[in-house]
Amino acid sequence: MTYQNCNLCPRECSIDRTAGQLGFCRCPDTALVAKTMIHRWEEPALAGDGGSGAIFFGGCTLGCKFCQNGAISHSPAGQTMDSKALRGEMEKLIAQGAENIDLVTPTQFLPTLLPALEEPLPVPVIYNCGGYEKVDTIRALSGKIDIYLPDLKYSDNALARSLSGISDYFETATAAIREMFRQVGPVQWQGDKVVKGVIIRHLILPGYVENSLKILDWIGETFAPGQVLVSLMRQYTPMGGLSAPMDRKITEEEYDAVLSWMYLNDLEGFTQEEDSADRAFIPDF
């Protein structure tokens with residue numbers, strides 16, 4: 001993994017970030033950490049009593065128009081950190097009682113992150129990403145990640161092109177998720193906490209129920225019941241500047257339709273209350 005000839009993500013910009021060149025993510029050749037915090041709003045099986053030790057990285061390789069973290073993802077922001085400083089932030093969060101280390105949108109900084117994870121941590125490490133990942137890049141994380149927390153946003157590549165500017169999201173993300181599962185295997189529980197496995201997040205988008213149903217179909221066809229968990233998210237919050245139907249929250253009827261399909265596919269996991277679609281749940285960056 002290197003910042004030179006950077007091909008960390010599927011966009012494969014092939015630029016030299018060590019020479020100041022900027023690719024799609026517009027990130028430098030060292031990690032940008034926008035925020036560290038004890039995050040109590042992750043899935044209950046992750047957050048536990050102590051919360052997740054979240055490290056939010058600046059920039060993103062996906063760039064969704066509706067991103068709730070757009071303040072740090074669309075215009076990369078944060079404090080520059082080398083591997084040693086990044087490791088120090090992880091240890092501080094653990095000392096504060098974090099149940100895990102939750103790496104949020106980290107792919108663009110893997111050359112800095114991998115050395116920070118060389119020595120095992122005493123808590124699980126979560127790789128929290130948008131799903132649009134290269135299999136080779138995920139392979140480089142083998143043995144360092146306990147819980148993969150990818151999004152699976154789109155089954156409809158035309159929708160992916162419209163909202164994220166990519167035409168190969170579904171096949172790329174599903175291949176990456178298969179590799180994640182190959183590494184960590186079926187979900188493992190310790191009491192009421194997940195300590196290893198894959199949790200696939202899916203954010204329901206307003207007006208695009210069919211997109212969600214096909215996502216759930218793929219998960220149900222690919223994994224046996226309970227092998228992976230699904231986090232079905234109803235927290236879509238209009239961030240402004242998008243036309244209908246993306247200018248509204250999802251309706252109760254839309255959520256119920258997708259939730260019913262999740263159960264018909266024998267999928268296990270997590271759901272969200274209606275009041276989760278609120279800007280109050282977006283961290284203050």
Next item on the list: Verify the cluster assignment for Met233 and Ile199: are they in a single hydrophobic cluster under the rule of side-chain heavy atoms below 4.5 Å apart?
Entry: no
Margin query: For Lys153, is there any backbone N or O sitting under 3.5 Å from a side-chain donor or acceptor partner on Asp151?
Written below: no
Notebook entry, point to check: Taking it one step at a time, do Phe57 and Leu86 satisfy side-chain contact (heavy atoms from CB on, under 4.5 Å)?
Noted result: CA-CA 11 Å; Phe57 292 91; Leu86 190 53; 4.1 Å; yes
Item checked: Minimal non-hydrogen separation, Phe24 against Thr61, with atom names -> CE2-O, 3.6 Å
Check: What's the shortest heavy-atom distance between Leu213 and Val258, and which atoms?
Finding: CD2-CA, 4.1 Å
Check: Between Tyr132 and Asp168, do the side chains contain an N or O donor and an N or O acceptor separated by less than 3.5 Å?
Finding: yes
Check: How about Asp146 and Gln188: does a side-chain donor come under 3.5 Å of a side-chain acceptor?
Finding: no
Notebook entry, point to check: If every non-hydrogen atom of Gln183 is compared with every non-hydrogen atom of Arg139, which pair is closest and at what distance?
Noted result: NE2-CA, 3.6 Å
Check: Rounded to the nearest 0.5 Å, how far does CG of Leu149 lie from OG of Ser52?
Finding: 9.0 Å
Notebook entry, point to check: Does any non-hydrogen side-chain atom of Glu133 lie less than 4.5 Å from one of Pro150?
Noted result: no
Notebook entry, point to check: Between Glu99 and Arg40, does at least one N-O distance fall below 4.0 Å, as a salt bridge requires?
Noted result: no
Check: Between Glu43 and Ser231, does any side-chain donor sit less than 3.5 Å from a side-chain acceptor?
Finding: yes
Next item on the list: Would you check if Phe109 and Val33 make a side-chain contact, meaning some heavy-atom pair closer than 4.5 Å?
Entry: no
Margin query: Set out, in order, the CA-CA distance, both residues' side-chain angles and the distance that settles side-chain contact (heavy atoms from CB on, under 4.5 Å) for Leu205 and Tyr154, then state yes or no.
Written below: CA-CA 10 Å; Leu205 299 175; Tyr154 311 110; 4.1 Å; yes
Next item on the list: Apply side-chain contact (heavy atoms from CB on, under 4.5 Å) to Leu117 and Leu103, showing your working.
Entry: CA-CA 11 Å; Leu117 296 175; Leu103 305 169; 4.2 Å; yes
Next item on the list: Check the hydrophobic clustering (I, L, V, M, F, W, Y; side-chain heavy atoms under 4.5 Å; chains of links allowed) and say if Leu267 and Phe223 are grouped together.
Entry: yes
Notebook entry, point to check: Of all heavy-atom pairs between Tyr236 and Met246, which one has the smallest distance, and what is that distance?
Noted result: OH-O, 2.5 Å
Margin query: Looking at Arg17 and Cys27, would you say the former's side chain and the latter's main chain have a donor-acceptor pair under 3.5 Å?
Written below: yes
Note to self: For the backbone of Pro225 and the side chain of Asp266, can you confirm whether one donor and one acceptor N or O come within less than 3.5 Å of each other?
What the structure shows: no
Note to self: Heavy-atom count check: over 12 atoms from other residues, nucleotides or ligands less than 6.0 Å from Lys214 NZ?
What the structure shows: no
Next item on the list: Any chance you could lay out the side-chain contact (heavy atoms from CB on, under 4.5 Å) test for Asn211 and His202, step after step, and finish with the verdict?
Entry: CA-CA 10 Å; Asn211 176 68; His202 176 64; 3.9 Å; yes
Item checked: Flag, side chain of Gln68 to backbone of Gln235, donor-acceptor distance under 3.5 Å -> yes
Item checked: Donor-acceptor pair, side chain of Thr2 and main chain of Gln4, under 3.5 angstrom -> yes
Checklist line | Side-chain touch Glu210/Asp156, heavy atoms, less than 4.5 angstrom | finding: no
Note to self: Restricting to non-hydrogen atoms, name the atom on Leu110 and the atom on Tyr127 that form the minimum distance, rounded to 0.1 Å.
What the structure shows: CD2-OH, 3.7 Å
Notebook entry, point to check: Per the side-chain hydrogen bond (donor to acceptor under 3.5 Å, both in side chains) rule, which among Thr112, Asp29, Thr18 passes with Tyr3?
Noted result: Thr112
Checklist line | Value rounded to 0.5 Å, distance of CD1 in Ile204 from CG in Leu232 | finding: 4.0 Å
Checklist line | Parallel, tilted or perpendicular: rings of Phe56 and His39 (30°, 60°) | finding: tilted
Note to self: Is there a side-chain contact between Asp102 and Leu46 in this structure, where contact means two heavy atoms from C-beta onward sitting under 4.5 Å apart?
What the structure shows: no
Next item on the list: Look up atom CG in Leu113 and atom CD in Gln108, then write down how far apart they are to the nearest 0.5 Å.
Entry: 10.0 Å
Check: Are Ile147 and Ile138 connected in a single hydrophobic cluster, I mean Ile/Leu/Val/Met/Phe/Trp/Tyr linked by side-chain heavy atoms less than 4.5 Å apart?
Finding: no
Next item on the list: Ignoring hydrogens and angles, tell me if any N or O in the side chain of Ser260 forms a donor-acceptor pair with the backbone of Asp256 under 3.5 Å.
Entry: yes
Item checked: More than 12 heavy atoms of other groups within 6.0 Å of Glu119 CD -> no
Checklist line | Heavy-atom check, side chain of Tyr208 versus side chain of Pro245, under 4.5 Å | finding: yes
Check: Heavy-atom distance under 4.5 Å between the side chains of Leu152 and Trp218, does that happen here?
Finding: yes
Note to self: Quick check for you: to the nearest 0.5 Å, what is the distance between Leu216 atom CG and Glu221 atom CD?
What the structure shows: 10.5 Å
Notebook entry, point to check: So do the side chains of Ile55 and Val104 get within less than 4.5 Å of each other, counting heavy atoms only?
Noted result: no
Note to self: Do Leu32 and Leu93 land in one hydrophobic cluster if side-chain heavy atoms of ILVMFWY residues count as linked below 4.5 Å?
What the structure shows: yes
Checklist line | Gap separating the CD1 atom of Ile215 from the CD1 atom of Ile200, nearest 0.5 angstrom | finding: 9.0 Å
Check: Side chains of Ser167 and Asn157: donor-acceptor distance under 3.5 Å anywhere?
Finding: no
Note to self: With a 3.5 Å distance limit and no angle check, can you tell me whether Gln21 reaches the backbone of Asp16 through a side-chain donor-acceptor pair?
What the structure shows: yes
Checklist line | Within one Ile-Leu-Val-Met-Phe-Trp-Tyr cluster: Val184 and Leu229, side-chain cutoff 4.5 Å | finding: no
Checklist line | Gly165 to Arg11 - nearest heavy-atom pair and separation | finding: O-NH1, 3.7 Å
Checklist line | Glu91 atom CD: more than 12 heavy-atom contacts under 6.0 Å | finding: yes
Item checked: Short N-O contact, Glu12 and Lys134, less than 4.0 angstrom -> yes
Checklist line | Test item: Ser164 side-chain N/O and Arg161 main-chain N/O as donor-acceptor pair under 3.5 Å | finding: no
Check: Under 3.5 Å, side chain of Lys65 to main-chain N/O of Ser162, donor-acceptor pair present?
Finding: yes
Check: Gln96 side chain to Met37 main-chain N or O, any donor-acceptor pair under 3.5 Å?
Finding: no
Next item on the list: Would you check if Arg234 and Leu259 make a side-chain contact, meaning some heavy-atom pair closer than 4.5 Å?
Entry: no
Note to self: Please report the interatomic distance OG1(Thr137) to CD(Glu179), rounded to the nearest 0.5 Å.
What the structure shows: 10.5 Å
